[in-house]
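Residue numbers begin at 1 in each chain, while the letters A, B, ... track the order of the sequences. As a basis for the values below, the full set of heavy atoms in this structure was taken, side chains included, without hydrogen atoms, waters or symmetry mates. No experiment lies behind these values; they were computed from the predicted model shown.
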Amino acid sequence: MQKKMMYSFPDDVLEHVFSFIQSDKDRNAVSAVCKLWYEIERWCRRKVFIGNCYAVSPRVVIKRFPEVRSIELKGKPHFADFNLVPDGWGGYVLPWIVEMAGAYPCLEEIRLKRMVVTDESLELIAKSFKNFKVLVLFSCEGFSTDGLAAIAAGCKNLRELDLRESEVDDLSGHWLTHFPETCTSLVSLNISCLGSDEVSFSALERLVGRCPNLKSLRLNRAVTLDKIANILRRAPQLVDFGTGNYASELPPDVLLNLAGAFSSCKELKSLSGFWDVVPAYLPALYSVCSRLTSLNLSYATIQNPEIIKLVSRCPSLQRLLVLDYIEDSGLEALASSCKDLQELRVFPSDPFGGEPHVSLTEQGLVTVSLGCPKLQSILYFCHRMTNAALVTIAQSCPNLTRFRLCIIEPKTADYLTLEPLDVGFGAIVEHCKDLRRLSLSGLLTDRVFEYIGTYAKKLEMLSVAFAGDSDLGLHHVLFGCESLRKLEIRDCPFGDKALLANAAKLETMRSLWMSSCTVSFGACKLLGQKMPRLNVEVIDETEPPDSRPESCPVEKFYIYRSVSGPRFDKPPFVWTMDEEGKIMH
Amino acid sequence: MQGGVVNGGSESGSMSTVLREDNMVVSSEDSSCPDEYELELGLGLSLGGGGSKMHQVSKCGQYARILTAQDFPPSSPSPSSSSSSSSFSLTRANITAGTKRTADSVAAANGSSQVVGWPPIRAYRMNSLVNQAKASVTEGFNLSMENRKEETLMVENSTTGSYHNSGNTKLGKFLFVKVNMDGIPIGRKVDLNAHESYEKLAKTLEEMFLETTPSVNSAGSMALQRDMKNKMARPSKLLNGSSDFVLAYEDKEGDWMLVGDVPWEMFSSSVKRLRIMRKSEATGLAPTSQERNQRQRRKAI
């Protein structure tokens, strides 16, 4: 009786119901209910997220989801950010664009992270997708402003162009002139990464002026302070603004004009940029401070008391990125002024200095944690830490979802007790039950991994460096962390045993990166042999790994699950361990 | 940089109990599995693979040198007239891994324990920090970074109030520039600060680009891979004959010049990127000093 009723829903009713289900996880669950639901769901899925572009081939995606409008792809492993992945490793988006050009004429959105994008890809996008709206290139490389010109000229309904932190061959600022006069659709433009001195400023001004829906604008360093007032006056509806250069010799009336321009932006909630800041010009911002929810001063080399003066005026602040010039005293001011703080990132102004030259210690972070219980996300670079501090932080901020601590000198112990920091990080995972991302540092034994394996049940991403004593550490993590998706390890004494014993775990994860550990080539070969659904890629820039004995450790390897088998765009220094125990090249 | 000390010593009895209870995924009774890969985490053992990492001397012992400006007499603008065909074939003294070498060289050069990729700060952020320091020098602001730097900042390289993306990443102790070689689609990055001289730089580049790797079992490899490998192998064969490669660089003003003419420090502060180009294409490239003179003359007009 009941079954009959269920199947009596017409397909389009089901489809309508499914249209309210946006999250990928839920969509995947829906598609697993029965064949009918699988079919209906796949025809109406509009958004696809692929966390590893090599986990599946574009053809397979297109075959299953024929009506996609929005795609997000990620390429290189995270450690590529820190120069650990050699150039030419891969992550090319062109094959995807080529396939989608034919299959998804209605594609509207492409979001890429850590991928290699060429001008050819950009030109193909501009040509192939008539209703293209959103292009986000996060930390990508391989393209120039010529490719951007093609996008500007070709995408008539472009809403978002966001190049955050990408490496662009900036040939000239003239690409901005390729936006036709008829383009009025821009909502978001982020060109902060562009390096050249030339920005076609008049083109930029005109573009900003004719896009009434422009909400987010992040300029690059070439735009000087005197130009900002004009831009702001043309776009008083801005919600998010990234300044260019914040240093100049401004006559007093221009400064007043700037302050006026800022205050005319009644919706402004987020500020960033601030390269080369001259502190005297910061008061121009004061009128917007009370509304600010996000402030990125992490490129601003201002010190106290300027930082304190600014931060104290921002009671609504939810997100702060700042350099360690803020010092413990500034963090104290933050803790007392910004009770709604959810995210804090403190970067080092002098990462290679050795001796700390600013007074930023574990105390600053403790103070913030005590004063801002809503904290969810912390990234903190410092020179010293104690278990006691970590325990306090853990107990004060039980809502933490992301905790990344970088004690700059590897293997630094608790500076008061000289013990490892196992107990401190253990407290973090024990108290912060929703922790999804964790980065470790300092002196750590296998104990910390036991804590992590025991408590961190929601942990999805773990970054480990210079930690642990033995394979037991790795085993605790692989065995205990049920939600683990991404694991990246460098310079740890982890070898074959834990890896081989937990081989099946690797199929439940997106990827594993290990470098400068003691996993042998033989173990990699064995994994490749036994686990056909994993791609085991050894990275060796000197010579093929099989020219050495099998017991030799490999320098770097990257293992990821894939339904599409080994990839074919590998550079010469990457070897895949295949099912026959051979190494593929 | 290898990881910490491998614990080959004793492990407590309770630990081994835990380990044995684990769900062994890969069957240990598989007959094709060699003995040395015991899949059971048993009693505390010295872990496999702890042996010394062996760097075998590469099978190819000879390869040619990349020519630099010093090979060309300063009077002649055309490199092809030089008789540098005599400069060939050096045997390699020691072999180290590309990226490892960078880390080792930096460590050796600075006597510090700096490693590649630590602390984990993205290159984008590093660029910004460093370039700000340069600009700020001309503005006259006092930053801690400039106190720390030993090398003199070339003031004429940054202009007041504006931002020059030099294209290279000066990370205090690192100075990465891109290197491309004609015919090879994949570029590489090399740390100039890890090489204090042209000779060392040329050596590294030769290792990176001209070294032939012993041929691997290519069963299953695709045409693309074969093609790329052939391209890597081809130059060294050509170099044994008559064809040469030269090393050129693009400076901050966008001009391409032969490497090797000016003092190393001047070169490393003005270089934006490198290119290993075919000698035949290098005609018209002048050594740095000559190019400078020409530029001065142009400016004077």
Exercise. Side chain to side chain contact (heavy atoms under 4.5 Å, CB included) between B/Tyr124 and A/Ser139: does it pass, once the steps are laid out?
Worked result: CA-CA 9 Å; B/Tyr124 180 75; A/Ser139 207; over 6 Å; no
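Using modelled atom types, no side-chain atom of B/Trp118 and backbone atom of A/Glu409 make a donor-acceptor pair closer than 3.5 Å.
Interface residue A/Pro348: backbone and side-chain heavy atoms are both found under 4.5 Å from chain B. Within the 4.5 angstrom heavy-atom criterion, no atom of A/Leu225 approaches chain B. The parts of A/Ser192 that come within reach of chain B are both its backbone and its side chain, each placing non-hydrogen atoms under 4.5 angstrom from that chain. Residue A/Phe347 touches chain B through its side chain alone, counting heavy-atom pairs closer than 4.5 Å. Residue A/Ala467 does not touch chain B at all, counting heavy-atom pairs closer than 4.5 Å.
In plain terms, the two heavy atoms of B/Val116 and A/Arg490 that are nearest each other are O-NH1, 2.9 Å.
Separation of atoms CZ (A/Phe82) and CE (B/Met126) is listed at 9.5 Å; rounding is to 0.5 Å. In this structure, CD1 in B/Ile121 is found 6.5 Å from CD1 in A/Ile408, a value given to the nearest 0.5 Å. In this structure, B/Arg125 CZ and A/Leu323 CG are separated by 7.0 Å, a value rounded to the nearest 0.5 Å.
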